[in-house]
Amino acid sequence: MSVRPPGPSGSGGVKAGGTAGAEPLVLSKARGFMILGGTAMTDEAHDEEEVLEAPERGSADELLDAGAVDELGPMRHSAAHVMAEAVMDLFPGAKLGIGPAIADGFYYDFELPRPLTPDDLAAIEERMASSIAADHPIVRREFPPAEGRAFFAERDQPFKVEILDDLAAKAAASGEPMPPTSTFGHGPFVDLCKGPHVQSTGRIGPYKLLSVAGAYWRGDEKRPMLQRIYGTVWATQDQLDRYLWRRAEAKKRDHRRLGVQLDLYSFHDVSPGSAFWHPKGQRIWRTLESAMRELQDRHGYQEVATPILVNHRLWEQSGHWDHYRDNMFILDIEGQAYSLKPMNCPESTFIYRARTRSYRDLPLRLSEYGRLHRNERSGVLHGLTRVRQFIQDDAHIYVRPDQLAEEIGALLSMVKESYGWFGLEPRYTFATRPDGAIGDDALWERAEALIRSALDDSGVSYTVKPKDGTFYAPKIDIYIDDALGREWQMATIQADLTMLPERFDLTYVDEHGQPQRPIAIHRAIYGSLERFIGILIEHFAGALPLWVAPVQAVLIPIADRHIPAATELAGILGGRGLRVEVDESDNRMQNKIRLAQEQKVPYMLVLGDREVEARTAAPRARGAARGEQQEAIGWEVLADRLAAEAASRQL
RNA sequence: GCCGCCUUAGCUCAGUGGUAGAGCAGCGGUUUCGUAAACCGCAGGUCCAGGGUUCGAAUCCCUGAGGCGGCUCCA
């Protein structure tokens, strides 16, 4: 069964995913699933049982960022105004916050006498329709500043007045004259607004209101909580339908849903924000961990392990007690405050200081897969991507200042290599000193300059996030988008001249016998293993590449008499390090295939009388089209091909 | 943490004040099958927890927990 995107067929301008990664086994190309393209798929409507098919190499970006957005901005902004008009109409006395266009739509914030319900959204949508049908011209009007303020004050719009007062204050501070108050209005509605807008409300295309959410006024949790209505609007009904369809598809590849469906992990309220890893999920984990260990071994890392439960004195020394205590789980043990470690870094210094370090010892690369606990506020927990306990592929690298740039270069290449194993495209940011950081200005300036030049030397493009560094170090952060377009931080590379080196008084002896300060690089490449696996599952819609798949092949005996041969083949494949299962159930072959397909197993190997006779098996790739059949292949050749495909980490 | 919504069988969900339901999964039996669902039967429930209203609560109210959508936060 397939799912069908709405709209006319063949008109989608977006590239489809590639084919299933099945070159060694499958002669004809498996059919890629066009998750965005307009290729109409078959079948009647299925409700609960829709199978999510993966665009094999489709990225989250393709899934959500399809379709040009920029030219839709004015229309979306106008739609926000029309929605505000409708809300003012239905809720007299509503106070308006702000209402911008955003990617794929718009929102508007309101202060209302009561919470909105889904029925309200329907009523607002309906009221919007009449304003759009009336095709009111959208007109800009300027007022002298005082008049503008009075206009919104008279209409009892305190948030608008606050915005104007802030503009006035800013103008006064800079000595510039206060600009005139710009408004846009249509029909009876007037809003403080710089524009631009479409010419009239009739130009607003098909729209839909999506959700209501709370949002602090001006993003400040000390200010009132407003009600934010999110909506989407497009130039054509077809575009709107497609957007809604894409949204539904993205939801289907949510790792929280797929984790249950694929039996990888679960969450239980006895430990909110912490995953229970099932056998198959743990296999994914081990695969990723051993791949990273291998990469680290090649790059001269040494693995260490440090305690999880630590006396708070350590955190006082590191600065966490002052800067991070709210996020730490603290326990009283015989009258002493202990904490579950939220980071590995301070403890690595004990290993550094275990003996006198020579300049010849550096770089000293200590890696650690330690379990970390962070007390995240309940409202922010989110599947595997925001948890309270997790494991990082962490490392602390102690270098001489002259070695920093080269080491960062090596790290960037490790990121590139390992993300390439999954076809992920990282985005880089450079985060600078935040307010309230520890350490003196000179060290920060030096650290930031060193990172910046390492970044420039490496040739990667990056954006700067001012004041987004940690309290002890500027950093390079690497981001990925998930299936729903949310951005997640993955890898991080931090150049620490202050916390570990200064607060723990780390030294090495230079070639003149003098003590010197090393620099500590904190880095994690996957970042949190939990988060990385969650993102991977969404990226591949659960259809993990052969080398990561928890079950790489299911052997399907057609009848019970074929089970012994299937078991024998499973032994051969297992002997080659492949993870395989034999389906010994008394299901019919078709059902065995269906179940393996639903579990997104990369290969199904069918054995019937012909195959058992010839000691072959008929391979079927997960991406194969319905009805597609492959020629049987001899067991040894099959084992060679599968093992080679897994070893090469082919996508 | 804040605002709103949600929580019924292992999973997906129906049930809006009057005897707790379906499909899938599970178990038993029959079937041994050629590329995405064989057939018959059985069993399965603290209707999230606690309190209240009512003759009677899965259903209405209150409190709490967890989840979802956002906001804030995210070393």
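Note on naming: letters A, B, ... go to the chains in the order of the sequence lines (proteins, then strands), and numbering restarts at 1 for each one. Quick caveat: nothing in here was measured; it's all calculated off a predicted structure.
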**Q** If you measure from the P atom in C5(B) to the same atom in U63(B), how many Å do you get, rounded?
**A** 13 Å
**Q** Where the side chain of Gln590(A) is defined as all heavy atoms beyond and including C-beta, which of U31(B), U35(B), C68(B) is the nearest nucleotide?
**A** U35(B)
**Q** Between Arg388(A) and C74(B), does any side-chain N or O lie under 4.0 Å from OP1 or OP2?
**A** no
**Q** Can you figure out which of G69(B), U35(B), C71(B) approaches the side chain of Ala215(A) most closely?
**A** C71(B)
**Q** Measuring only the P atom in each nucleotide, how far is C27(B) from C13(B)? A whole number of Å is fine.
**A** 24 Å
**Q** In whole Å, measure the gap between the P atoms of C62(B) and C39(B) for me.
**A** 48 Å
**Q** Can you tell me which nucleotide in U72(B), C33(B), U31(B) comes closest to the side chain of Arg377(A)?
**A** U72(B)
**Q** Output the single nucleotide from G66(B), C71(B), A38(B) whose closest atom is nearest the side chain of Pro272(A).
**A** G66(B)
**Q** Between G10(B) and U31(B), how far is it from one P atom to the other, in whole Å?
**A** 32 Å
**Q** Can you tell me the base-pairing partner of C13(B)? Count Watson-Crick or G-U wobble geometry only, both distances below 3.5 Å, and say none if there is no partner.
**A** G21(B)
**Q** Between the base of G70(B) and the side chain of Gln227(A), is there a donor-acceptor distance below 3.5 Å?
**A** no
**Q** I'd like the C1' distance from U59(B) over to C48(B), given in whole Å.
**A** 15 Å
**Q** Quick one, Arg218(A) with Tyr216(A), criterion side chain to side chain donor-acceptor pair (under 3.5 Å). Give me CA distance, side-chain angles, the key distance, then yes/no.
**A** CA-CA 6 Å; Arg218(A) 296 197 146 179; Tyr216(A) 297 112; over 6 Å; no
**Q** Nearest whole Å is fine: how far is U32(B) C1' from Glu611(A) CD?
**A** 16 Å
**Q** Once you measure the plane-to-plane angle for Trp321(A) and His312(A), does it fall in the parallel (<30°), tilted (30-60°) or perpendicular (>60°) bin?
**A** tilted
**Q** Using the ring-ring contact (aromatic ring centres under 6.0 Å, His included) criterion, which residues pair with His255(A)? Sequence neighbours excluded.
**A** none
**Q** Kindly say if Arg620(A) contacts the phosphate of G34(B), meaning a side-chain N or O under 4.0 Å from OP1 or OP2.
**A** no
**Q** Run the ring pair (Phe, Tyr, Trp, His ring centres under 6.0 Å) test on Tyr462(A) and Tyr428(A) for me, step by step, so that the C-alpha distance in whole Å, both residues' side-chain angles and the decisive distance to 0.1 Å come before the verdict.
**A** CA-CA 5 Å; Tyr462(A) 61 94; Tyr428(A) 300 86; 8.5 Å; no
**Q** Write down the distance between CZ (Arg386(A)) and C1' (G70(B)), rounded to a whole number of angstrom.
**A** 14 Å
**Q** With the side chain of Asp560(A) defined as its heavy atoms from C-beta on, choose the nearest nucleotide among C73(B), U32(B), G67(B).
**A** U32(B)
**Q** What distance, rounded to whole Å, do you find between the two C1' atoms, one in C61(B) and one in U54(B)?
**A** 12 Å
**Q** Going by the rule side chain to side chain donor-acceptor pair (under 3.5 Å), which residues pair with Arg313(A) if we only count those two or more places apart in sequence or in a different chain?
**A** none
**Q** Just name whichever nucleotide pairs with C39(B), Watson-Crick or G-U, keeping both distances under 3.5 Å, else none.
**A** G29(B)
**Q** Please state how far atom CG in Leu258(A) lies from atom C1' in U12(B), giving the value in whole angstrom units.
**A** 14 Å
**Q** For His268(A) together with Phe276(A), are the ring centres under 6.0 Å from each other?
**A** yes
**Q** Would you say a side-chain N or O of Arg256(A) is under 4.0 Å from OP1 or OP2 of C68(B)?
**A** yes
**Q** Could you tell me the separation between the CG atom of Asn587(A) and the P atom of C24(B), rounded to a whole number of Å?
**A** 13 Å
**Q** Between the side chains of Lys475(A) and Thr429(A), is a donor N or O closer than 3.5 angstrom to an acceptor N or O?
**A** no
**Q** Counting side-chain heavy atoms from CB outward, which of C33(B), G69(B), G34(B) is closest to Met589(A)?
**A** G34(B)
**Q** Which nucleotide, in any strand shown, forms a Watson-Crick or G-U wobble pair with C5(B), with both distances under 3.5 Å?
**A** G67(B)
**Q** Quantified in whole Å, what is the C1' atom distance between nucleotide C11(B) and nucleotide U19(B)?
**A** 27 Å
**Q** Just to confirm, is there a sub-4.0 Å distance from OP1 or OP2 of A36(B) to any side-chain nitrogen or oxygen of Gln597(A)?
**A** no
**Q** Report yes if at least one side-chain N or O of Tyr230(A) is closer than 4.0 Å to OP1 or OP2 of C71(B); otherwise report no.
**A** yes
**Q** Within less than 4.0 Å of OP1 or OP2 of C74(B), is there a side-chain N or O belonging to His382(A)?
**A** no
**Q** Is Arg588(A) side chain donor-acceptor paired with the U32(B) base, going by distance under 3.5 Å alone?
**A** no
**Q** Looking at the side chain of Arg561(A), which of U72(B), G34(B), C33(B) is the nearest nucleotide?
**A** C33(B)
**Q** Counting only Watson-Crick pairs (N1-N3 plus N6-O4 or O6-N4) and G-U wobbles (N1-O2, O6-N3), all under 3.5 Å, who is the partner of C47(B)?
**A** none
**Q** In whole angstrom, give me the gap between the C1' atoms of A9(B) and G64(B).
**A** 25 Å
**Q** Under 3.5 Å, is there an N or O donor on one side and an acceptor on the other linking the side chain of Arg228(A) and the base of C71(B)?
**A** no
**Q** For the residue pair Phe159(A) and Trp217(A), categorise the inter-ring angle as parallel (less than 30°), tilted (30 to 60°) or perpendicular (more than 60°).
**A** tilted
**Q** Of the listed nucleotides (G66(B), A38(B), G69(B)), which one gets closest to any side-chain atom of Asp254(A)?
**A** G69(B)
**Q** What is the distance, to the nearest angstrom, from the OH atom on Tyr107(A) to the P atom on G4(B)?
**A** 19 Å
